[in-house]
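Notes for the one structure printed next.
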Amino acid sequence: MREIVYSTVKLKPEQRKMIEAYAEVYEAGEHGPEPKLENVNILICGPVTTVELNAMKNLRFIQCVYAGVDALPWGKIPANVVVASNAGSNADSVAEHAFALLLAAAKRILFFDSRVRDGDFEIVGESRMLHGRRLCVLGMGAIGSRIAEIAKAFKMHVVGYGRSLRSVAAVDEFYTQDSIDAALRGSDYAVVALPLTKHTQGLINYERLGLMRRDGILVNIGRAPIIVKNDLIRFLRENPSFTYATDVWWNIQNPSQDSDVYSLPNVVSTPWVAGAASSRETYEEMLRLAVENVVRYLRGEKPLNIVRHEDYR
Ligand code: NDP
């Protein structure tokens, strides 16, 4: 019997064909027969509901289109189901965005832009250099490694922190899991490029923020809950020279609940656009890589980016 693949995201005709060489394919919202969810063996998804997952009694493989899999309903995914993230699929886009945030904050682009619009060309305050400064990259996966490479082009002192290291050349120092304090201590800048897991939630608290320089910049393109929100607000209020530059939020469904962060003067932000949200090119690449990984699985090969269940439950 052929495998049944169900995709909650729209596939391109040629991508569908690639999968149809090995399996029957159904897409959510398409005309024609819907599969019985209990027959689905392989799920390609963005968001998926617990009701849908509960019904998929014969599920064996989940391919997430996103790099982060923290939003999956982990409590409903049996331990024998292989889950693959799409890590690395948008690393260039997200690393570029991290630098856009870092440079905007260091060079005070938004500050000057609003003044110039009012015809005010007075030069006040000081911008900061990246050259020679200590940048701590938290999470040395696909995005973190790309950030480290770009930082090297700026001649920064790059400090990596993570569970594993892909490129020794990209960092000047590397710290593993137990040594986050040593990695952050004295940093001018830090970028959060970690996944949100049970181990990273709340990793950056008030004390750890205090390890960075008081005029530091913390960029977050990972996930908001890696930082303790109330600790961050307190730290930003107490240290007006410190900047938080972020793309990610705690309450994306109801963003006004994060106004206590985005309304602070020392916050620079974008509405979660670093990955695919504002770039069709990036989304198409993500979809392409997700489909390739499903084909890999259907051919009996080991898929890339298999996620550890124990990180999420
Ligand atoms: P990767 O899986 O390539 O990188 C994640 C890295 O973090 C890996 O090196 C991993 O180590 C490491 N890591 C995992 N857990 C820990 C831990 N407890 N302590 C230290 N290091 C840890 O993924 P990407 O780089 O592609 O993406 C990273 C995250 O960025 C995503 O999970 C997502 O949350 C976020 N993201 C945000 C986007 C946005 O739009 N703002 C878009 C895309 C991603 P190991 O290799 O050993 O597992």
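Atoms within each ligand, like the ligands themselves, are counted from 1 in listed order. This chain uses plain numbering: 1 for the first residue, then up along the sequence.
In terms of protein heavy atoms, atom 47 (O) of ligand 1 is closest to Ser164 OG, 3.0 Å. For atom 48 (O) of ligand 1, the closest non-hydrogen atom of the protein is Arg163 NH2, 2.9 Å. Given atom 7 (O) of ligand 1, the protein heavy atom at minimum distance is Pro195 CD, 3.4 Å. Of all protein heavy atoms, the one closest to atom 6 (C) of ligand 1 is Gly141 N, 3.6 Å. For atom 38 (C) of ligand 1, the closest non-hydrogen atom on the protein side is Ile221 O, 3.7 Å. The single protein non-hydrogen atom nearest to atom 23 (O) of ligand 1 is Ala87 CB, 3.5 Å, given as residue, atom name and distance. Protein heavy atom in closest approach to atom 22 (C) of ligand 1: Leu194 CD2, 3.5 Å. From the protein, the heavy atom lying nearest to atom 19 (N) of ligand 1 is Gln177 CG, 3.6 Å.
Of the residues listed (Arg214, Arg213, Arg128), the one engaging Asp188 in a salt bridge (Lys or Arg N to Asp or Glu O under 4.0 Å) is Arg213, and it is the only one. A side chain to side chain contact (heavy atoms under 4.5 Å, CB included) with Tyr244 holds for exactly one of Leu101, Leu218, Val268, Ile217; it is Leu218.
Between the side chain of His309 and the backbone N or O of Val81 there is at least one donor-acceptor pair closer than 3.5 Å. When atom types are taken as modelled, the side chain of Arg208 and the backbone of Leu203 share a donor-acceptor pair closer than 3.5 angstrom.
For Ile143, heavy-atom contacts with ligand 1 shorter than 4.0 Å involve the backbone as well as the side chain. The side chain of His199, and not its backbone, has at least one atom closer than 4.0 Å to an atom of ligand 1 (non-hydrogen atoms only; side chain from C-beta on). When non-hydrogen atoms are compared, ligand 1 lies under 4.0 Å from neither the backbone nor the side chain of Asn305. Contact annotation for Ala193 and ligand 1: only backbone heavy atoms (N, CA, C, O) come within less than 4.0 Å of the ligand. Using a 4.0 Å cut-off between heavy atoms, Tyr66 makes no contact with ligand 1 at all. Contacts of Asp311 with ligand 1, taken as heavy-atom pairs under 4.0 Å, are absent altogether.
Using a 4.0 Å cut-off to heavy atoms of Val248, the atoms of ligand 1 that qualify are 41 (N). Which parts of ligand 1 touch Thr200 is read off a 4.0 Å heavy-atom cut-off, strictly below it: atoms 17 (C), 18 (N). Interface of Asn90 with ligand 1, defined as ligand atoms under 4.0 Å from a residue heavy atom, comprises 42 (C), 43 (C). Those atoms of ligand 1 that come under 4.0 Å of a heavy atom in Val94, given as number and element, are 42 (C), 43 (C). Against a heavy-atom cut-off of under 4.0 Å, Gly88 is close to the following atoms of ligand 1: 26 (O). Using a 4.0 Å cut-off to heavy atoms of Gly162, the atoms of ligand 1 that qualify are 20 (C), 21 (N). The distance from ligand 1 to the heavy atoms of Asp247 drops below 4.0 Å at these ligand atoms: 39 (C), 40 (O), 41 (N).
Between Trp74 and Tyr312, the ring planes are parallel. Angles under 30° get that label, and only those over 60° would be called perpendicular.
The distance criterion of under 3.5 Å between nitrogen or oxygen atoms is not met by Gly139 with respect to ligand 1. For Thr197, no nitrogen or oxygen atom sits less than 3.5 Å from a nitrogen or oxygen atom of ligand 1, counting backbone and side chain alike. Considering backbone and side-chain atoms alike, Ala142 places an N or O below 3.5 Å from some N or O of ligand 1. Residue-to-ligand polar distances place Arg166 within reach of ligand 1: an N/O pair is separated by less than 3.5 Å. Considering backbone and side-chain N/O atoms, Leu196 never comes within less than 3.5 Å of an N/O atom of ligand 1.
Selection from Ala224, Gly68, Gly222 by nearest heavy atom to atom 35 (C) of ligand 1 gives Gly222.
One finds a salt bridge joining Arg288 and Glu292 here, because a Lys/Arg side-chain nitrogen approaches an Asp/Glu carboxylate oxygen to under 4.0 Å. Residues Glu149 and Arg166 are not paired through a salt bridge, judged by the lack of any N-O separation under 4.0 Å between the basic side chain and the carboxylate. Under 4.0 Å is where a charged nitrogen must lie from a carboxylate oxygen, and between Lys17 and Glu20 no such pair does. Comment: Arg223 engages Asp70 in a salt bridge, judged by a side-chain N to carboxylate O separation of less than 4.0 angstrom. Using a 4.0 Å cut-off between charged side-chain N and carboxylate O, Asp172 and Arg134 make no salt bridge.
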*Please step through side-chain hydrogen bond (donor to acceptor under 3.5 Å, both in side chains) for the pair Tyr297 and Glu3, ending with a clear verdict.*
CA-CA 11 Å; Tyr297 178 83; Glu3 303 263 31; 5.4 Å; no
_Does Asn305 form a side-chain hydrogen bond (donor to acceptor under 3.5 Å, both in side chains) with Ser85? I'd like the steps, not just the answer._
CA-CA 5 Å; Asn305 300 318; Ser85 79; 4.6 Å; no
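Interatomic distance, NZ of Lys198 versus CZ of Arg313, reported as 9.0 Å (0.5 Å rounding).
Between Ile227 and Leu232 the shortest heavy-atom distance is CG2-CB, 3.9 Å. Taking every heavy atom of both residues into account, Gly275 and Asn90 meet most closely at CA-ND2, 3.7 Å. Closest approach of Tyr161 and Ala183 over heavy atoms only: CB-CB, 4.0 Å.
Under the 4.0 angstrom criterion, atom 44 (C) of ligand 1 counts as having a protein heavy-atom contact.
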